[in-house]
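Numbering starts at 1 and runs along the sequence shown.
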Amino acid sequence: MSCFLMVDLGLNSSLDYDINESSSFTIVLGLFGLQIIVQLSVFLILFLTIADTFLFRVGLLNILLKKTRLVIFFQAIYLMLTIIVGAMRLQKFGQSNSEVAHYVATDNSFITASVIQKTVAVLYYAVNIFYTVKLEDPIYYNRDAWISLIRQQRMSQK
């Protein structure tokens, strides 16, 4: 997953600033599509990791969703913001190829959307790395550990 996050970081940090008059619309569209595919791949890897846990296999999804709610939230928000910023970039690029560099530097709505997207990106990367490390813990894959934990919780409630 870290390789996909690094590719997304590279695309995120360069797509807004590396567009110039010699770039074709097809290349810009292709790079935007690649960034979306990379983000969907990160989500798929995370989902497959979650699906391999003991909690998922036995159907204790409510417990699992409580533990992974934040990362799923950031996945959705970051994808949505990337699509919005990419659509704004492509819309302006389709209008006039020669004005793109000027547009990126002067359009306040694009700058605002881009800054918000890049701020959320920092949180997105941090949360994804945190949950990747967290889901490496053997407790998520060990039946006996979860049964003893649930028993302890029930005993403390009585």
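- A donor-acceptor contact shorter than 3.5 Å is absent between the side chain of Ser114 and the backbone of Phe110.
- Contact of the Thr82 side chain with the Asn12 side chain is not registered, since no non-hydrogen atoms from C-beta on lie closer than 4.5 Å.
- Here the CG atom belonging to Leu31 is positioned 11.0 Å from the OG1 atom belonging to Thr26, to the nearest 0.5 angstrom.
- For the side chain to side chain contact (heavy atoms under 4.5 Å, CB included) test, residues two or more places apart in sequence or in another chain that qualify with Leu40 are Ile36, Leu79.
- Taken from OG1 in Thr68 to CZ in Phe73, the straight-line distance is 14.0 Å, to the nearest 0.5 Å.
- Between the CD1 atom in Ile50 and the CG atom in Leu61 there is a gap of 10.0 Å [rounded to 0.5 Å].
- Note on Val120: it clusters hydrophobically with Leu70, by side-chain heavy-atom contacts below 4.5 Å among ILVMFWY residues.
- Atom CG of Leu64 is separated from atom CZ of Arg57 by 11.5 Å, given to the nearest 0.5 angstrom.
- Taking Ile45 as the reference, Met1, Phe4, Thr49 meet the side chain to side chain contact (heavy atoms under 4.5 Å, CB included) condition, with sequence neighbours excluded.
- In this structure, the side chain of Lys118 does not engage the main chain of Ser13 through any donor-acceptor pair within 3.5 Å.
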Assess whether side chain to side chain contact (heavy atoms under 4.5 Å, CB included) is satisfied between Tyr124 and Leu5, documenting all intermediate values. CA-CA 9 Å; Tyr124 165 81; Leu5 290 175; 3.9 Å; yes
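- Between the CG atom in Leu11 and the CG atom in Leu9 there is a gap of 9.0 Å [rounded to 0.5 Å].
- Here the side chains of Ser41 and Ile37 are in contact, with some heavy-atom distance below 4.5 Å.
- You'll find the side chain of Val42 reaches within 4.5 Å of the side chain of Gln75, heavy atoms only.
- Side-chain contact check for Phe54 versus Asn142: every heavy-atom pair is 4.5 Å or farther apart.
- Between Val71 and Val127, the closest heavy-atom pair is CA-CG1, 3.5 Å.
- Val122 and Met80 are assigned to two separate hydrophobic clusters, defined by single-linkage of ILVMFWY side chains at heavy-atom distances under 4.5 Å.
- Leu44 and Met6 are not part of a single hydrophobic cluster, where members link through side-chain heavy atoms under 4.5 Å apart.
- For the atom pair Arg151 CZ and Ser156 OG, the distance stands at 14.0 Å (nearest 0.5 Å).
- In terms of the side chain to side chain contact (heavy atoms under 4.5 Å, CB included) criterion, residue partners of Thr119 (sequence neighbours excluded) are, by chain and number, Val115.
- Shown here are the side chain to side chain contact (heavy atoms under 4.5 Å, CB included) partners of Leu123, two or more places apart in sequence or in another chain: Phe74.
- Under the side-chain hydrogen bond (donor to acceptor under 3.5 Å, both in side chains) criterion, Asp8 pairs with Gln35, Gln39, Tyr78, Tyr125, not counting sequence neighbours.
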Quiz: residues 129-138 side-chain donor-acceptor pairs under 3.5 angstrom, not counting sequence neighbours:
| residue | atom | partner | partner atom | Å |
| --- | --- | --- | --- | --- |
| Tyr131 | OH | Lys67 | O | 3.0 |
| Thr132 | OG1 | Asn128 | O | 2.7 |
| Asp137 | OD1 | Ile139 | N | 3.3 |

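- The neighbour count for Phe43 CZ, taken as heavy atoms of other residues, nucleotides or ligands under 6.0 Å away, does not exceed 12.
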